[in-house]
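First the proteins, then the strands, lettered A, B, ... as listed; each starts at 1.
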Number of protein chains: 2
Amino acid sequence: MLLSKACIYAIRASLYIAAMHEQQRPFVPIREVSDKLNLSFHFLTKIFQQLTSAGLMKSYKGPNGGIAFTKKPAEIKLIEIVAAVDGLGLFHECVLGLPGCGKNKPCPLHDKWAYTREALQIMFSSTSLDELTSKGKRMNLRLSDEISMEDLISP
Amino acid sequence: MLLSKACIYAIRASLYIAAMHEQQRPFVPIREVSDKLNLSFHFLTKIFQQLTSAGLMKSYKGPNGGIAFTKKPAEIKLIEIVAAVDGLGLFHECVLGLPGCGKNKPCPLHDKWAYTREALQIMFSSTSLDELTSKGKRMNLRLSDEISMEDLISP
DNA sequence: AACATTTAAGACTAATTTGTCTTAAATATA
DNA sequence: TATATTTAAGACAAATTAGTCTTAAATGTT
Ligand code: SF4
Ligand code: SF4
């Protein structure tokens, strides 16, 4: 699996929150996200704690509280979420799990892997949340096996 | 992590066996592989069982026994090993873990992911074992944090 | 036949990831 | 102040992956 479950959930949840952000609802309660996306509330809470401690989100307790991004969704790239949850190893490490990739003489797999690894990195670092949410309303970005971005146009 | 540990070990071990194959030693004892590559003998045994039951390898018991490929290393692509151990999900499934990728309207991530996913698939399906072992002798393909392909030229 | 070598199979343990639950702290509102 | 809402933190449990161990079966050698 490319991304851990926690990381996948983090991205899906981020897309939901980005969509709410566009509707002038910066702080979204975690419970709402977990309900809508059919994710475990407590598990999601822990995931969001990773995102907040990475500086990507801020939280507010109490009624009308919730979590919100610290930047506009247009400025948040998917790779920041991946980095906060799974780390950046995928984009730097050896596909065969050996230490010190490409440090000395590169191996014969290296060129191919380095190319593919960079394609991965480019994909995650060139895609912003708002790009997906705005396109998602037209293009059927699903956030769970039940709901699409389209369903979120009016909450 | 892109590939499971089992899958990584399978590839490393396959490269070792392919190198031995080129030296006219088709059947290699699992113990030799686990010793040289510093892998758990029993764990590796189970991994090889997956490869044999997938038809990729054959085994022979008793003295001078071991395991060997059923085809020449030139004809074995890395993706066959990945398929036998981790399956082909990586090359077909949604990066966000949602079912039915691209079935209905594709999502906005789809084009990017489909491209990257195909790059992965091409990398594994265009690379054969002998390509790595023969280049590996010149180019420093490591099989563990200790051993390079170069070290295997004379056993 | 007896013995040593080697893979097969499966039970078992350990580590990691995933998910649940409880309690505490912060905040808003009445 | 009392109460309801919400995140924080951490203990706990379940599931998956990784790794170990024991016994059996097959094969070659003496
Ligand atoms: S050079 Fe190739 S095998 Fe060596 S560490 Fe990098 S990707 Fe892995
Ligand atoms: S279209 Fe995109 S989000 Fe939808 S299943 Fe495929 S990769 Fe995943």
Side-chain angles (χ1 to χ4, degrees), chain A residues 1-13 17 20 25-70 82 84-87 89-90 97 144, chain B residues 1-13 17 20 25-70 82 84-87 89-90 97 144:
Chain A
M1 222 183 337
L2 191 73
L3 305 174
S4 68
K5 297 252 187 171
C7 190
I8 286 172
Y9 299 162
I11 294 176
R12 289 197 218 155
I17 292 177
M20 292 305 114
R25 286 190 60 216
F27 279 92
V28 183
I30 300 177
R31 181 119 255 153
E32 175 183 331
V33 182
S34 66
D35 282 353
K36 296 276 190 176
L37 304 192
N38 239 305
L39 301 173
S40 150
F41 166 74
H42 289 103
F43 193 37
L44 193 53
T45 296
K46 292 204 299 189
I47 293 168
F48 278 131
Q49 281 168 19
Q50 296 183 266
L51 297 183
T52 53
S53 73
L56 214 56
M57 305 196 82
K58 59 194 173 191
S59 68
Y60 203 85
K61 289 175 183 169
N64 308 313
I67 49 170
F69 286 112
T70 52
V82 175
V85 179
D86 279 355
L90 179 62
S144 77
Chain B
M1 222 186 334
L2 192 73
L3 304 175
S4 69
K5 296 255 186 169
C7 190
I8 286 172
Y9 298 164
I11 294 175
R12 289 197 217 156
I17 293 177
M20 292 305 114
R25 288 189 59 215
F27 280 93
V28 182
I30 299 176
R31 181 119 255 154
E32 176 183 329
V33 182
S34 66
D35 282 354
K36 295 276 189 176
L37 304 192
N38 240 305
L39 301 174
S40 150
F41 166 74
H42 291 286
F43 193 35
L44 194 53
T45 295
K46 291 205 299 188
I47 293 168
F48 278 130
Q49 281 168 18
Q50 296 184 266
L51 297 184
T52 53
S53 73
L56 215 56
M57 305 196 82
K58 60 194 172 190
S59 68
Y60 204 83
K61 289 175 182 168
N64 309 313
I67 50 172
F69 286 112
T70 51
V82 175
V85 179
D86 279 354
L90 178 62
S144 76

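- The OG1 atom of A:T52 lies 11.5 Å from the CZ atom of A:F69; values are rounded to the nearest 0.5 Å.
- In this structure the side chain of B:E32 reaches within 4.5 angstrom of the side chain of B:R25, judged on heavy atoms.
- The distance between atom CE of A:M1 and atom C1' of C:dT18, rounded to the nearest whole Å, is 10 Å.
- Interatomic distance, CZ of A:R31 versus OG1 of A:T45, reported as 8.0 Å (0.5 Å rounding).
- Between the CD1 atom in B:I17 and the CG atom in B:L51 there is a gap of 8.5 Å [rounded to 0.5 Å].
- As rounded to whole Å, 17 Å separates atom P of D:dT6 from atom CD of A:Q49.
- Rounding to the nearest 0.5 angstrom, the gap separating the CZ atom in A:F48 from the OH atom in A:Y9 is 13.0 Å.
- Looking at residues 39-47 of chain A, you'll see A:S40, A:H42, A:F43, A:K46 sit with a heavy atom under 4.0 Å from some atom of DNA chain C.
- In terms of heavy-atom proximity, A:V85 sits nearest to A:S4 at CG1-OG, 4.2 Å.
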Pairs under 3.5 Å (N/O, protein and nucleotides 26-29 of chain D):
unit_1, atom_1, unit_2, atom_2, d
D:dT27, O3', B:Y60, OH, 3.3
D:dG28, OP1, B:Y60, OH, 2.8

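- Without hydrogens or angle criteria, B:S59 side chain to B:G66 main chain gives no donor-acceptor distance under 3.5 Å.
- Spacing between atom CE of B:M57 and atom P of C:dT6 amounts to 16 Å, rounded to whole angstrom units.
- Regarding contacts with the backbone of C:dA8, a side-chain N or O of B:S59 is found under 4.0 angstrom from either OP1 or OP2.
- Residue A:I30 holds its CD1 atom at 7.0 Å from CD of A:Q49, rounded to the nearest 0.5 Å.
- For the pair B:R25 CZ and C:dT6 C1', the computed distance is 14 Å after rounding to whole Å.
- Here C:dT6 presents its P atom at 15 Å from CZ of B:F48, a figure rounded to the nearest Å.
- Annotation for B:T70 and B:M57: closest pair CG2-C, 3.6 Å, computed over non-hydrogen atoms.
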Please tabulate, one pair per line, each protein N/O and nucleotide N/O from nucleotides 13-17 of chain C that are separated by under 3.5 Å, including the distance.
none

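- Distance, B:R31 CZ to C:dT5 P: 12 Å, rounded to whole Å.
- Taking only side-chain nitrogens and oxygens, A:Y9 never comes nearer than 4.0 Å to OP1 or OP2 of C:dT18.
- Here the C1' atom of nucleotide D:dT7 and the CG atom of A:L51 are 14 Å apart, to the nearest Å.
- In this structure, B:N38 atom CG and D:dG19 atom C1' are separated by 14 Å, rounded to whole Å.
- In this structure, A:I11 CD1 and A:C7 SG are separated by 4.5 Å, a value rounded to the nearest 0.5 Å.
- When all heavy atoms are compared, the tightest approach of A:S40 to A:S34 is C-CB, 4.2 Å.
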